[in-house]
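None of the values given here were measured: they were computed from a predicted structure.
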Amino acid sequence: MPDFVPKNSGFHGDTDLAQGSTNTPFRDLIPKPDHPRIAGIANHNALSWCESRRQIEAPAWLINRLDRKNVPPFVGFTSDGNPKPELYEYAEDEGAPVEAMVDAAEKLWAVLSEDERKEVQKGDLYTDEFRIWSNPELYVNPGGIRLDEASPTVQDHIHALLCASSSKAGYDKILGCCLTNEFLGQLVNGPKVLNKHSYNFRIFDKPSLTKPWGYTFFGHHLCLAVAVVGKRIVISPTFFAAEPDHIDEGPNEGLRLFQSEEQEGLALMRSLSPELQKKAQVSESLTDIETWNPFDERHVGGAQQDNRVVPYEGVQVKNFTKEQKAAVLRIFAAFHEALPEKPLESRLAHIEKFIDETYFMWLGKFGDSDAFYYRLHSPVAFVEFDNHCGIFLTNTFPSRCHVHTTCRLPNGGDYGRALLKQYEKEAKQ
């Protein structure tokens, strides 16, 4: 981390900010057109909006942090700085839908222009470009295919690949994040910055039924790194988020995201004995914590955190009842539902082997209207749920209507690195 870390997003000192409460309806938090958070956004596209944010100290700090020039060599997300990729072991056939994925990728390739083909192909899965993703609306690292600059045909084929790579619930969540981003753009009159296609797509290695390949899909509130080796697939890191977390009008009215993550997490915390709740709850405050910054807030598994050292905190799941451990696995399943059905089964079975080494940590209170943060952290799994302040909406403290979630494979599992090591070892045998 640089010496300077901003204390707010750069706009908290401006006039007429609606403070709101943790459960204030998002309609009460929509900024006026001249509000400093969105002033002029209607006249910007993603690139020019990013350049305009460079003129403000706090967003400029974030933009610099996310710049590709600041990506360090990969070590892995760990609890102690010492990655243990040997903790991962993949079966030869985990049921990844590689045939459907390759078919979708080849159909996409067929509709791309020569210029698009040159731009979208970015080397192999070891290149740092595979790790250059970011979740803000800020278009920091151009490259690949930007969907809102592509034709509808290309957009549709990229989504066909996303659909082929995921479970139905997983693709529904992916599409839901795209649609809530579009809705946010409508709310703040910034459709060229925030829309259904505010995402970048890049391919790594040549799509193959047997050899390693993958892709990234990332942009505002949605990021996926997908690595495939034959019938084995890793989707990690992932970042799913929404501001607001639901749509209340138009053709997508009724869409609401992250209900399982929110309600299952809250129910688990409430089910614990007072003694275990006290161990789990590291702080009642959501802001008075050492790792807080105004963009990540509490979550520590986001963009450019590939090598972050995050010690275990909270209460060990080995102290939970059988029913509570089952709830933990349901939460892990919700965070991993981008995976296809069979690979998800394998992933959860692997996570369950480490259930007694898993920690559950909570920040904030846990009443019906309280905003909160929680994480589950084991040697092979790390997931976070975080209620955020507004970035476009005007709430200046965390609200239930703005959600960020992250998912990582600690100890060198992200980006399929542990899977690649296993593949290379197998190839030598």
Side-chain angles (χ1 to χ4, degrees), residues 71-96 98 124-128 130-131 204-205 208 210-214 216 224-238 300-302 304-314 316-318 325 328-329 331-333 335-336 338-340 342-361 375-384 406-429:
V71 176
F74 182 78
V75 175
F77 189 93
T78 66
S79 63
D80 60 6
N82 299 300
K84 305 174 183 65
E86 65 274 10
L87 295 175
Y88 295 90
E89 185 174 355
Y90 296 88
E92 182 178 356
D93 184 351
E94 296 201 341
V98 64
D124 63 28
L125 294 178
Y126 282 110
T127 180
D128 285 340
F130 192 40
R131 298 167 47 222
F204 300 85
D205 280 314
S208 167
T210 57
K211 296 180 180 179
W213 67 284
T216 54
L224 305 165
V226 181
V228 192
V229 181
K231 302 289 283 185
R232 299 171 285 194
I233 184 171
V234 172
I235 305 181
S236 179
T238 67
V300 295
Q304 299 282 13
Q305 303 301 310
D306 294 342
N307 299 338
R308 187 147 185 170
V309 176
V310 180
Y312 296 114
E313 293 184 88
Q316 277 193 277
V317 172
K318 71 179 182 180
K325 289 180 179 180
V328 167
L329 291 174
I331 293 171
F332 275 126
F335 277 87
H336 288 83
L339 283 168
K342 291 297 183 181
L344 177 58
E345 291 177 5
S346 296
R347 176 78 180 120
L348 292 176
H350 190 226
I351 289 172
E352 190 170 12
K353 291 179 180 179
F354 295 86
I355 192 73
D356 286 343
E357 298 174 59
T358 302
Y359 284 75
F360 177 59
M361 187 270 252
R375 81 170 63 129
L376 284 164
H377 186 184
S378 87
V380 296
F382 180 91
V383 300
E384 301 175 283
T406 77
C407 178
R408 282 187 174 270
L409 275 61
N411 283 304
D414 282 337
Y415 306 103
R417 287 296 184 97
L419 174 57
L420 290 172
K421 285 180 180 293
Q422 181 178 326
Y423 169 77
E424 291 165 358
K425 184 177 179 180
E426 291 168 348
K428 294 177 181 177
Q429 293 175 350

With sequence neighbours left out, write down each residue that passes side-chain hydrogen bond (donor to acceptor under 3.5 Å, both in side chains) with N411, or none if nothing qualifies. none
Quick one: closest heavy-atom pair of K325 and V317, and the distance? CE-O, 3.4 Å
In the structure I gave you, are the side-chain heavy atoms of F360 and V328 within less than 4.5 Å of one another anywhere? no
Going by side-chain contact (heavy atoms from CB on, under 4.5 Å), name the residues that satisfy it together with V309, two or more places apart in sequence or in a different chain. T78
Taking the side chain as C-beta and beyond, is there a heavy-atom pair between Y415 and L420 under 4.5 Å? no
Who are the ring-ring contact (aromatic ring centres under 6.0 Å, His included) partners of H350, not counting sequence neighbours? Y88, F354
Between P85 and A418 the two heavy atoms that sit nearest each other are O-CB, 3.9 Å
Using side-chain hydrogen bond (donor to acceptor under 3.5 Å, both in side chains) as the criterion, list what pairs up with R408, not counting sequence neighbours. D306, D414
Go through the structure and list residues passing ring-ring contact (aromatic ring centres under 6.0 Å, His included) with Y90, not counting sequence neighbours. none
Applying side-chain contact (heavy atoms from CB on, under 4.5 Å) to L329 and not counting sequence neighbours gives I351, E352, I355
NZ/K84: more than 12 non-hydrogen atoms of other groups inside 6.0 Å: yes
Side chain to side chain contact (heavy atoms under 4.5 Å, CB included) partner of S236, the single match among L409, V226, L339: L409
Which pair of non-hydrogen atoms, one from C407 and one from V383, has the smallest distance, and what is that distance? SG-CG1, 3.9 Å
Counterpart residues, side-chain contact (heavy atoms from CB on, under 4.5 Å), relative to A96 (two or more places apart): I233, P343
Measure from the side-chain N and O atoms of E94 to the backbone N and O of A91, and report whether any donor-acceptor pair falls under 3.5 Å. yes
Any idea which heavy atoms bring L125 and A227 closest together, and the distance? CD1-CB, 4.1 Å
P72: which residues meet the side-chain contact (heavy atoms from CB on, under 4.5 Å) condition with it, sequence neighbours left out? R131, Q304, N307
In terms of heavy-atom contacts, F332 and A381 come closest through CE2-CB, 3.5 Å
Could you list all the side chain to side chain donor-acceptor pair (under 3.5 Å) pairs where at least one residue sits in residues 420-429, not counting sequence neighbours? Y126-E424, R232-E426, Q422-E426
Heavy-atom closest pair, residues S79 and Y312: OG-CE1, 3.5 Å
Between T406 and E384: side-chain donor-acceptor atoms closer than 3.5 Å: yes
With sequence neighbours left out, write down each residue that passes salt bridge (Lys or Arg N to Asp or Glu O under 4.0 Å) with D124, or none if nothing qualifies. none
E313: partners by salt bridge (Lys or Arg N to Asp or Glu O under 4.0 Å), with sequence neighbours left out: R375
Just to verify, what does F204 make a ring-ring contact (aromatic ring centres under 6.0 Å, His included) with, not counting sequence neighbours? F130
